[in-house]
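Just below is one structure, and these are the notes that go with it.
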Amino acid sequence: MTQVIRTAAELQEKVAGWKRSGILVGVVPTMGALHDGHLSLARAARAQSDRVIVTIFVNPKQFNNPEDLTKYPRTEAQDLALLEAEGVDVLFAPQPEEVYPEGFATTVSVAGVSEMLEGAKRPGHFDGVATVVSKLFGMTQAGRAFFGEKDWQQVQVVQRLVRDLNIPIKIIPCPTIREADGLAMSSRNVRLTAQDRSRAPALPNAMQHAAQSIRSGVPIAQALEEATAMIVAAGFGEVEYLELRDAETLREVSDLSRPVRLLAAAWLGDVRLIDNIDV
Ligand code: AMP
């Protein structure tokens, strides 16, 4: 049975009991509307920890766009059934007032890696992420936290955060889970119209094409330009960015001498899709 916990006090009491017995706790932070991507994290947590806590909290602080926050899908009953099937021990699903009570005054801000790409396009987003993740790490006392590479920059921000603040937790990045046609699974995909859904694989396809071109020696700028044109030709709106970056610092790169990552954000109708791949 998955126990549903709504308050920090109850969660901390539960975890304190586990910790006294030397149990290793794994946490999977999510915003719900769970799909196979999330469940792959729960499975990794199950395999690599003694107890698994999945958190579902649509964190208002990480939404820079109020409309995106209101339209964010919320499917808790269905989510709980999926977590039961995965053998998750605790679903922690607090209300916003529980996470940010009257008087809450702290913001955790990671400089550098938070500032570009998603950070530049979504001001305040990573402060919201770093703040809520810090709280969840404190409340769950987890020894391991599982994050999806789907949000590559988020993983780098969280790694920087735990290193900088000596938070005793190991961050485990897990691969992006995709639909059969290559579209990265995302809770926002349900908001795509049928026509846009059929156009959506153009994003990962164009990215794969760019990665292959870059590997085979096509100049980076040219490969990115061609891929952007492919995405637009497929019916996407604005391509906010399509960039080859240092895989860890997310700084710009001019060659392949260090590990790099290809990252993109683009609009399809009123849905903003992000993706990233190895090169
Ligand atoms: P979210 O609910 O979108 O905040 O995502 C919660 C966690 O699930 C984050 O660590 C995401 O990176 C991860 N995640 C979301 N989509 C996927 C996916 N398609 N594959 C793997 N992990 C994912």
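Ligands are counted one by one from 1 in listed order, and the atoms in each one are counted from 1 as well.
- Between Phe57 and Tyr100, the two ring planes are tilted [angle within 30° to 60°].
- Taken from OG1 in Thr7 to CD in Glu98, the straight-line distance is 5.5 Å, to the nearest 0.5 Å.
- For the 3.5 Å distance criterion, the side chains of Gln208 and Gln212 fail to qualify, holding no donor opposite an acceptor.
- Protein residues lining ligand 1, listed by chain and number: Pro29, Thr30, Met31, His35, Gly37, His38, Leu41, Tyr72, Phe147, Gly148, Lys150, Asp151, Gln154, Pro175, Thr176, Ile177, Met185 [non-hydrogen atoms, distance under 4.0 Å].
- Shown here is Arg251, whose CZ atom has no more than 12 heavy atoms of other residues, nucleotides or ligands within 6.0 Å.
- The residues Arg191 and Glu67 are annotated as not salt-bridged, no charged nitrogen and carboxylate oxygen being separated by less than 4.0 angstrom.
- Arg6 has no carboxylate O lying under 4.0 Å from a charged side-chain N of Glu10, or vice versa, which leaves the two without a salt bridge.
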